[in-house]
Amino acid sequence: MDAQSLKKLREWFKKNSAELPWRPIDLDAPRDPYAVWISETMLQQTQVSTVRDYFTRWMKRFPDIETLAKASEEEVFKYWQGLGYYSRARNILKTANVVRNSTRKATLPDNHKELEALPGIGAYTAGAILSLAYHQREAILDGNLVRIFSRLYALDFLPTESKVALKIYWDYAREIADSSKAYMHNEALMELGRTVCKVKNPDCANCPLHSSCRAALEKRATEFPPSKKHTQKDWHGTVLVIESADHKILAVHGGQKFFKNQFTLPHFESPRSATAGLPSQAERYVDADMVQSVENIGKFRHSITVHKMECDVLYIRLSGKAPAPTSSEIKWVRRGQALDFFASNFCLKALSFLKKN
Ligand code: SF4
């Protein structure tokens with residue numbers, strides 16, 4: 001994220017940050033690591049609106065690690081009751097005891113290794129403590145940041161899909177962490193995800209990152225990130241729109257990757273950096289000598305079953321009339337009737353580029 005976007009993000013956060021019991025009025029002030037730990041643990045799987053009261057009551061009764069460590073599990077559970085996932089409360093108490101009995105004198109460690117060795121503290125909570133409390137240049141990647149990165153950079157995959165995918169998301173998170181005031185940028189992004197870049201109805205018009213957000217600029221914000229159930233295999237292909245001099249479009253039946261039982265436009269898997277010129281697959285249908293021109297007229301995305309497709313549309317113009325079909329698997333369809341003839345959205349998307357040309 002460039003310096004200008006980060007500046008806009010900070011300005012937005014200063015004006016719009018909600019008053020929360022775990023957030024100091026001075027947004028630049030280092031926080032109590034204990035308060036960050038408790039609030040971030042409560043916020044896992046639970047809404048901010050619910051956590052507010054729980055946090056306030058908790059801090060009144062257990063204002064520091066020392067007090068907490070002396071409490072019984074029964075009492076800790078009482079203050080946790082209603083938040084669910086009681087293992088979180090049990091781990092908090094265990095950690096309080098470990099820290100109290102350590103040489104740290106009831107202070108949480110200030111490094112990943114020691115923090116993550118404590119019961120219930122994982123990479124995310126450790127990052128939040130190091131960034132928000134200790135103001136270290138630490139990356140944070142929670143659901144809010146995943147959603148924002150996916151939209152900002154039009155990432156059409158989830159970090160859970162592969163190691164490479166996870167690394168890409170973490171790289172963006174680290175870019176934020178490398179900035180000065182990373183603690184504020186991290187928190188501002190979490191707040192932005194909660195209040196503006198929401199799962200449904202993101203308020204792009206009032207977002208400080210709008211001018212650098214690819215998904216918003218393409219008006220596709222809600223398409224990112226892809227939902228788990230739609231996680232699909234990437235497939236890159238080429239669709240051929242072959243038109244004869246007498247304005248007929250070639251339709252084929254069978255022998256295609258998709259739409260096996262209907263007429264469709266010829267298509268095949270191809271590399272993203274397809275070379276120019278007539279692809280050999282086209283010569284299955286037309287004589288190379290008849291080809292007047294070959295032009296890439298557009299690119300579209302489409303999903304079929306588990307395939308998330310990105311297709312280049314190659315327009316092949318013939319110099320002569322449509323040749324007589326050599327089999328029942330080939331048809332020449334008048335251009336004026338093509339939109340009615342090709343029923344699938346896949347073909348209609350490819351043909352939409354033809355209209356513009
Ligand atoms: S412009 Fe819209 S989609 Fe992009 S980050 Fe902002 S709210 Fe999210």
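Excluded from the calculations below are hydrogen atoms, water molecules and symmetry mates; all remaining heavy atoms, backbone and side chain alike, are included.
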Next item on the list: Mind telling me whether Phe62 and Tyr79 have parallel, tilted or perpendicular rings, with 30° and 60° as the class edges?
Entry: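 Correct class here is perpendicular.
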
Whether the side chain of [X] engages the backbone of [Y] through a donor-acceptor N/O pair (distance < 3.5 Å, no angle test) should be reported.
X	Y	value
Arg88	Thr41	yes
Arg23	Ser17	no
Arg151	Ala221	yes
Tyr54	Gln81	yes
Ser102	Val99	yes
Ser212	Leu209	yes
Arg137	Asp178	yes
Trp58	Trp80	no

Check: Cut-off 3.5 Å, side chains only: do His135 and Asp28 have a donor facing an acceptor?
Finding: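 Their side chains do not contain a donor-acceptor pair, so the 3.5 Å distance test is not met.
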
Notebook entry, point to check: Please, which pairs that meet side-chain hydrogen bond (donor to acceptor under 3.5 Å, both in side chains) have at least one residue in residues 110-131, sequence neighbours excluded?
Noted result: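 Only Glu40-Tyr124, Gln44-Thr125, Arg104-Glu114, Asn111-Glu114, His112-Glu116, His112-Glu138, Ser131-Asn186 qualify under side-chain hydrogen bond (donor to acceptor under 3.5 Å, both in side chains).
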
Margin query: Asp156: which residues meet the salt bridge (charged side-chain N to carboxylate O under 4.0 Å, His left out) condition with it, sequence neighbours left out?
Written below: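 Testing Asp156 for salt bridge (charged side-chain N to carboxylate O under 4.0 Å, His left out), a comparison that skips the adjacent residues, returns Arg301.
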
Note to self: Does Phe300 form a ring pair (Phe, Tyr, Trp, His ring centres under 6.0 Å) with Phe346? I'd like the steps, not just the answer.
What the structure shows: CA-CA 9 Å; Phe300 69 92; Phe346 173 82; 5.7 Å; yes

Check: If you measure from the Lys or Arg side-chain nitrogens to the Asp or Glu carboxylate oxygens, is any gap between Arg194 and Glu191 under 4.0 Å?
Finding: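 Counted as a salt bridge, because a side-chain N and a carboxylate O are separated by less than 4.0 Å.
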
Only distances under 3.5 Å count here; give the side-chain donor-acceptor pairs of residues 280-290 to other protein atoms, sequence neighbours excluded, each with its distance to 0.1 Å.
| residue | atom | partner | partner atom | Å |
| --- | --- | --- | --- | --- |
| Tyr285 | OH | Gln256 | NE2 | 2.9 |
| Asp287 | OD1 | Asp289 | N | 3.0 |

Note to self: Whether Arg52 engages the ring of Phe55 as a cation-pi pair (distance to the six-membered ring centre under 6.0 angstrom, angle to the ring normal within 45°) should be assessed.
What the structure shows: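 Because its charged atom misses either the 6.0 Å distance or the 45° angle limit, Arg52 does not stack over Phe55.
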
